[in-house]
Amino acid sequence: MQTVTTVAVLRRQISLWKSQGERIVLVPTMGNLHAGHLALVEHARTCGSKVVCSIFVNTLQFDREEDLAAYPRTPREDLSALQHARADLVFMPEHEEVYSERHHVHTNLPEHPLHQQLCGQFRPGFFDGIVAVVARLFHMTDPDVAVFGEKDYQQLVIIKQLVRNLGLEIRIEQVPTQREDDGLAFSSRNAYLDDSQRALAPRLYAELVNMGQQVEAGERSYARLERQAADRLKQAGFHPEYVSIRDADTLEEARRGTDFIAILAAAWLGKARLIDNVLVRIS
Ligand code: AMP
């Protein structure tokens, strides 16, 4: 496994691989790798012949409420986990390397209203930061396939839109959310939970599953379901930002006839901002 820190070396290696007919699969991460990330790498191995994993804590997607400096960084453990998962190359650039003017990508797209909704409503500029870094990583890596987790479902939908809008020839692959035995989605931010918060945290997923079951059973009063779930989370000790039932393809408000829905939530528990979702197909 190669470890690369500059775009020049990354490009040279990718060009060489491409000239040899290899298919490049990109797995972007912010490091502090857990079983969720490793499931992405494992899936990536089935999508092409060379797996490139990036580890880059993207300054642009942090806001004041989360201290960028406090974000967990574990490069040594990450490299050994990726070696074990048989990644071919790890790209670990510094901020200046990614955001150098040389690598600026003019996406020139009108901003999509989805950027301001759900997580975007509570974290202004967050999705612009995501699009900025993902567009650069796509440009630098020129992958055939890129793999993302369903855990960050709004991000996944926005990236699919980006690829469509820019006409990029990159296939986006998605991997289901990986969870602890008690249902809590793996996340680097779970490290911010103390013991009692950790014990409570799986309740978020449990509420979403419960909503999904009610929808599957025929309940269509979505606003009421959202309100009730948010109230229950509040009573349990969470500070929910939103609980929302959406069309899973577009993330527009779900209507009565919508047959593929995403139930999404973000809630603070102590210092951790947890997000989760469940996807439900209505037959
Ligand atoms: P992050 O390092 O948090 O930026 O996440 C990098 C990638 O891993 C994103 O595509 C996430 O959606 C994905 N990911 C994070 N947590 C999980 C999880 N629990 N299950 C599946 N994918 C995940």
Side-chain angles (χ1 to χ4, degrees), residues 27-44 53-75 77-78 81-82 85 118-123 126-127 129-130 133-134 146-159 173-209 211-212 229 233 236-244 262-279:
V27 183
T29 81
M30 296 207 297
N32 189 233
L33 302 183
H34 50 62
H37 297 113
L38 297 176
L40 267 54
V41 176
E42 195 177 314
H43 182 71
C53 185
S54 62
I55 296 182
F56 178 65
V57 180
N58 179 31
T59 319
L60 262 59
Q61 71 191 65
F62 284 79
D63 55 18
R64 272 162 298 149
E65 293 188 54
E66 184 176 34
D67 189 2
L68 174 66
Y71 194 82
R73 290 165 172 87
T74 49
E77 291 83 349
D78 292 350
L82 287 173
L118 302 169
C119 285
Q121 185 187 340
F122 295 91
R123 308 184 74 184
F126 176 64
F127 288 112
I130 302 255
V133 76
V134 171
V147 184
F148 294 87
E150 288 176 357
K151 161 79 171 34
D152 301 275
Y153 195 76
Q154 187 176 7
Q155 165 179 294
L156 175 67
V157 171
I158 286 175
I159 288 167
E173 283 281 318
Q174 64 196 71
V175 172
T177 304
Q178 308 293 303
R179 302 179 179 281
E180 306 263 15
D181 289 343
D182 60 9
L184 178 65
F186 287 107
S187 165
S188 305
R189 293 180 171 88
N190 294 349
Y192 303 154
L193 299 168
D194 68 22
D195 287 351
S196 66
Q197 291 159 351
R198 173 64 191 82
L200 186 58
R203 185 77 76 85
L204 178 63
Y205 177 55
E207 278 301 337
L208 300 181
V209 169
M211 291 171 77
L233 286 169
F238 290 82
H239 294 281
E241 286 184 344
Y242 64 82
V243 179
S244 190
I263 308 174
L264 309 106
W268 286 89
L269 188 55
K271 288 203 222 78
R273 181 177 181 278
L274 304 178
I275 62 168
D276 208 341
N277 66 82
V278 302
L279 303 174

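When reading the values below, keep in mind they use all heavy atoms of this one structure, side chains included, and skip hydrogens, waters and symmetry mates.
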Parallel, tilted or perpendicular: ring planes of Phe186 versus His34, cut at 30 and 60 degrees: parallel
Determine whether a donor-acceptor pair (N or O, by modelled atom type, separation under 3.5 Å) exists between the side chain of Glu241 and the backbone of His239. no
Minimal non-hydrogen separation, Leu204 against Ala267, with atom names: CD1-CB, 4.3 Å
Distance-only, no hydrogens or angles: does the Asn190 side chain make a donor-acceptor pair with backbone N or O of Arg198 under 3.5 Å? no
With rounding to the nearest 0.5 angstrom, report the CE to CZ distance, Met30 to Phe62. 4.0 Å
For Asn32, does its backbone N or O pair with a side-chain atom of Asp78 as donor and acceptor, under 3.5 Å? yes
Rounded to the nearest 0.5 angstrom, the CG-CG distance for Leu38 and Leu82 is 6.5 Å
Under 3.5 Å, side chain of Asn277 to main-chain N/O of Lys151, donor-acceptor pair present? yes
Taking CD in Glu42 as the centre, count heavy atoms belonging to other residues, nucleotides or ligands within less than 6.0 Å. Is the count above 12? no
Looking at CG of Leu274 and OH of Tyr192, how far apart are the two atoms once the value is rounded to the nearest 0.5 Å? 11.5 Å
Shortest non-hydrogen contact from Gly237 to Leu269? O-CD1, 3.8 Å
Is any side-chain heavy atom of Leu33 less than 4.5 Å from a side-chain heavy atom of Glu77? no
Taking all non-hydrogen atoms of both residues into account, name the closest pair between Ala236 and Leu200 and its distance. O-CD2, 3.1 Å
Atom CG of Leu208 and atom CE of Met211: how far apart are they, to the nearest 0.5 Å? 6.5 Å
Once rounded to the nearest 0.5 Å, what's the spacing between atom CD1 of Ile130 and atom CD of Gln61? 4.0 Å
Please list, chain by chain and in numerical order, all residues satisfying side-chain hydrogen bond (donor to acceptor under 3.5 Å, both in side chains) with Glu207, sequence neighbours excluded. Arg232
Verdict with supporting geometry, Tyr205 and Val278, side-chain contact (heavy atoms from CB on, under 4.5 Å): CA-CA 8 Å; Tyr205 177 55; Val278 302; 3.5 Å; yes
For Arg73 and Leu68 the tightest heavy-atom approach is NH1-O, 3.1 Å
Using the salt bridge (charged side-chain N to carboxylate O under 4.0 Å, His left out) criterion, which residues pair with Arg203? Sequence neighbours excluded. none
Minimum heavy-atom distance between Ser188 and Pro72, given as atom pair plus value: O-CG, 3.8 Å
Test item: Asn58 side-chain N/O and Gly129 main-chain N/O as donor-acceptor pair under 3.5 Å: yes
Distance-minimising heavy-atom pair for Cys119 and Tyr242: SG-OH, 3.0 Å
Step by step, work out the side-chain contact (heavy atoms from CB on, under 4.5 Å) result for Val133 and Leu60. CA-CA 8 Å; Val133 76; Leu60 262 59; over 6 Å; no
Rounded to the nearest 0.5 Å, how far apart are CD of Gln154 and CG of Leu118? 4.5 Å
Test log, rule side-chain contact (heavy atoms from CB on, under 4.5 Å), inputs Ile55 and His37: CA-CA 11 Å; Ile55 296 182; His37 297 113; over 6 Å; no
Do Ile275 and Tyr153 have side-chain heavy atoms sitting under 4.5 Å apart? no
